[in-house]
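Written out below as structure tokens is the structure these notes cover.
Residue numbers begin at 1 in each chain, while the letters A, B, ... track the order of the sequences. The analysis underlying the following values was restricted to heavy atoms, covering all of them including side chains, and did not include hydrogens, waters or symmetry mates.
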2 protein chains.
Amino acid sequence: MSRRAAQRPQGLEGYDPQRYAKPSVTVDLLIFTVLAGELALLLIRRGVPPFKGSLALPGGFVDVGSTPEDQGEDLEAAARRELGEETGLTSELLDARRVHLEQLHTFGAPGRDPRMRVISVAYLALVPPDLIDHTRPGDDAAEARWRPLGEVMGGVEPLAFDHARIVEVGLARLRDRLDRSDVAACLVPPSFSAAELRAVFEAVQGHPLDAPNFRRHIRRLLGDGVIVPTGQTRTAGPRGGRPAALYRFDPGEGR
Amino acid sequence: MSRRAAQRPQGLEGYDPQRYAKPSVTVDLLIFTVLAGELALLLIRRGVPPFKGSLALPGGFVDVGSTPEDQGEDLEAAARRELGEETGLTSELLDARRVHLEQLHTFGAPGRDPRMRVISVAYLALVPPDLIDHTRPGDDAAEARWRPLGEVMGGVEPLAFDHARIVEVGLARLRDRLDRSDVAACLVPPSFSAAELRAVFEAVQGHPLDAPNFRRHIRRLLGDGVIVPTGQTRTAGPRGGRPAALYRFDPGEGR
DNA sequence: AAAATAGTGTCTGTCAGACAATATGTC
DNA sequence: GACATATTGTCTGACAGACACTATTTT
């Protein structure tokens, strides 16, 4: 019980911080999309130890600068930068309200990286399927690929570090968000039918939803002005069926 | 756009982490209780610059060890340690399910501490009022005192660093938690009346609640076994009134 | 009896799950 | 017409806000 830290008299006060060891701080990204009606996660394959050859979340160090004047980049900026690198999305697209990015949780257990103490701030990102550039699956050397969540959680290929836990936390957060905010807009193409939006909900929640009841949800979104009809329709089934009305999320007043 | 970090090829791979600057990492604590029917926050007064003399959240450095074998303490362990130091609570009391502790958010904007890059992992803690040792308001030199939230948010005495923002985020989280989990148990004494529990909800939510409707909530908690009647009653008003039945949160099966 | 506090019951509106029924298209 | 899909409507139960009313105690 005689930890170094416990002997200091007071938090940040009266001490030269340079005298104390510092951890490495990284940003890990949990990038979700919906592909073929299934929730999918962007994972890389590690090329170096530890966990060489294992699947892992994309991530990288946070630029913390080197002087009190240049303290580097914000955590969210680091996450956004990594997101751009891994998905190949330009910063304009990332700013265009089509991509959701929020801080998820910070993971910092000792020993989670055997090389050194690493504290990882995990971010949850949602990318609409139409923005995925299938011709450029990875930005750099590492093989970055979309993998169905079922496959990832199946445990066939265990994830590196504590990344399996991060996925769990992220999925729980995503499920919580879906009902309580407009993040679904970041998982559908700009124009979508009720059935397509329902498919997104089903993919995230992992179980089928009653179509008529979900339409009620659509009607409420319409009434609240969250989504608006485009006026167009589209036939879904290969062998016919009534065409579905199309909607889009209201871009809002500001822009 | 030529950040150091952006030039590295890949996240954690293929690099000697020692070559890169590291931030200081601290844990900041948002410790709430309910005092005299009002939500209160434990704050210290800073004794050294920057923000000398200002009110601030208690916090401290995370022990990150010094070798790959000794990587120091977990983030939550650091938070729990600080919590014990600031409140004077023993670790047994902290483990006794009477104190709630959860990670809130990580704040790491460059410049939030003018001296150096500091990344703070904020934790939300809830301490039941009966556990507060009024005879020992502070553990060490710094003046640690409970302050009504209204006073803190009033802006009369601005908080140090970005701590005002942390308080905002924490209050929002607390309000969200109150309805969706049993954290209220950590804001009432072991035995309480319906009116006392209601007062806690009112203090957190910041507006009065309808007493009869809140009783319905109590009945549901009873039905779900979340709380149980103690069998005792207590008279509240100084000039009479019907005595109130007392309840306690069910300690649960496990223990 | 009066005052104060605790507790019950009712009415109303919102929302979700289950599911019957109707509408509109393709083959 | 058969089939597939979209859409509407209905019934029911859970829950919240407003509020009238009853119950039990002290003074």
Exercise. Taking the nucleotide of DNA chain C with the closest heavy atom to each, which residue, A:Ala211 or A:Arg239, is nearer the 5' end?
Worked result: A:Ala211
Problem set entry | Inter-residue atom distance A:Arg173.CZ - A:Glu102.CD, 0.5 Å rounding | 5.0 Å
Exercise. If you look at every strand shown and take non-hydrogen atoms under 4.0 Å, does A:Arg234 touch a base, only sugar-phosphate, or nothing?
Worked result: nothing
For this session: Enter the distance from A:Arg215:CZ to A:Leu221:CG here, rounded to the nearest 0.5 Å.
Result: 10.5 Å
Exercise. Can you check whether B:Phe201 reaches B:His217 side chain to side chain, under 4.5 Å on heavy atoms?
Worked result: yes
Exercise. Whole Å only: how far is the CZ atom of B:Phe201 from the C1' atom of D:dG17?
Worked result: 16 Å
Problem set entry | Atom pair distance, as rounded to whole Å: CZ in A:Phe192 and C1' in D:dT5 | 18 Å
Exercise. Any idea which of D:dT25, D:dA6, C:dG7 is nearest the B:Ala244 side chain?
Worked result: C:dG7
For this session: Nearest whole angstrom, please: distance from the P of D:dT12 to the CG of A:Asp210.
Result: 17 Å
Problem set entry | Toward the 5' end of DNA chain D, by each residue's nearest nucleotide, A:Arg216 or A:Pro238 | A:Pro238
For this session: Report the distance from atom CZ of B:Arg219 to atom P of C:dT10, rounded to the nearest whole Å.
Result: 11 Å
Exercise. D:dT24 C1' sits how many Å from B:Arg242 CZ, rounded?
Worked result: 5 Å
For this session: Please test A:Asp176 against B:Arg180 for side chain to side chain contact (heavy atoms under 4.5 Å, CB included), starting from the C-alpha separation and ending with a verdict.
Result: CA-CA 12 Å; A:Asp176 196 65; B:Arg180 293 155 60 90; 2.3 Å; yes
Exercise. Does A:Asp74 come within less than 4.0 Å of A:Arg80, counting only side-chain N to carboxylate O?
Worked result: no
Exercise. What is the distance from CG of B:Leu209 to P of C:dG7, rounded to the nearest Å?
Worked result: 16 Å
Exercise. Can you check the A:Arg220 CZ to C:dT14 P distance for me, whole Å?
Worked result: 10 Å
For this session: Check the distance between C:dG7's P and B:Leu197's CG and give it to me in whole angstrom.
Result: 12 Å
Exercise. Side-chain N or O of B:Arg215 less than 4.0 angstrom from OP1 or OP2 on C:dT8?
Worked result: yes
For this session: Please confirm whether any donor atom in the side chain of B:Asn213 sits under 3.5 Å from an acceptor in the base of D:dA18, or the reverse.
Result: yes
Exercise. Which nucleotide in the set C:dC19, D:dA6, C:dT8 lies at the smallest distance from any side-chain heavy atom of A:Pro212?
Worked result: C:dC19
